[in-house]
Amino acid sequence: MATSDKYDRQLRLWGAAGQRALAETTVVLFQATAAGTETLKNLVLPGLGAFCVVDSAWTTAEDVSANFFTTTNTSTTSTAVQQQPRAQLAYQQLQELNPDVRGSY
């Protein structure tokens, strides 16, 4: 899909210069909380240039119940999800939303 087609709504909203500025932006998220990952999602979908999730915590049962980005799309058990770094899970989920955005953790 061509970039102009993929980001047509954004181009109409803030124009080519705004889309270019967003595509050249890098955001670092400290602590992959529900609010932080949801906010980052709203930047990844319209074509943020790059993001990095920094969080040394491991996923907890509370994270799984409150943060959409700390769950998996597979039949992985809640216990298995809890044994993964929160930054890694958030990164993986966000990266799936827009493969054109560079992500890391």
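As the structure is a prediction and not an experimental result, all values here were calculated from the model. In what follows, every heavy atom counts, from backbone to side chain, and hydrogens, waters and symmetry copies are set aside.
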Visitor: For the CD atom of Q19 and the CG atom of L13, what is their distance to the nearest 0.5 Å?
Guide: 9.5 Å
Visitor: Once rounded to the nearest 0.5 Å, what's the spacing between atom NZ of K6 and atom CG of L45?
Guide: 9.5 Å
Visitor: Is there any side chain to side chain donor-acceptor pair (under 3.5 Å) pair reaching into residues 35-45, and which pairs are they, with sequence neighbours excluded?
Guide: T37-N67, E38-K41
Visitor: Return the CG to CG distance between L89 and D55, rounded to the nearest 0.5 Å.
Guide: 10.5 Å
Visitor: State which residues pass ring-ring contact (aromatic ring centres under 6.0 Å, His included) with F51; sequence neighbours excluded, sorted by chain then number.
Guide: none
Visitor: Which pair of heavy atoms, one from V53 and one from A32, lies closest together, and at what distance?
Guide: CG1-CB, 3.8 Å
Visitor: Can you tell me how far the CG atom of L29 sits from the CG atom of L43, to the nearest 0.5 Å?
Guide: 10.0 Å
Visitor: Distance only, no hydrogens: is a donor on one side chain within 3.5 Å (strictly under) of an acceptor on the other, for Q84 and W58?
Guide: no
Visitor: With hydrophobic residues grouped by side-chain heavy-atom distances under 4.5 Å, do L97 and L48 end up in a single group?
Guide: yes
Visitor: Say whether Q95 and R102, considering side chains only, have a donor N or O and an acceptor N or O under 3.5 Å apart.
Guide: no
Visitor: With distance as the sole criterion, is a donor-acceptor pair present between the side chains of N98 and Y7 under 3.5 Å?
Guide: yes
Visitor: Nearest 0.5 Å, what's the OG1-CZ distance between T59 and R86?
Guide: 7.0 Å
Visitor: When you group the ILVMFWY residues by side-chain heavy-atom contacts below 4.5 Å and let the links chain together, are V54 and Y91 in the same group?
Guide: no
Visitor: What's the separation between atom CZ in F30 and atom SG in C52, rounded to the nearest 0.5 Å?
Guide: 7.5 Å
Visitor: Does a side-chain heavy-atom distance below 4.5 Å link W14 with P46?
Guide: yes
Visitor: V27 and L40: which non-hydrogen atoms are nearest, and at how many Å?
Guide: CG1-CD1, 4.0 Å
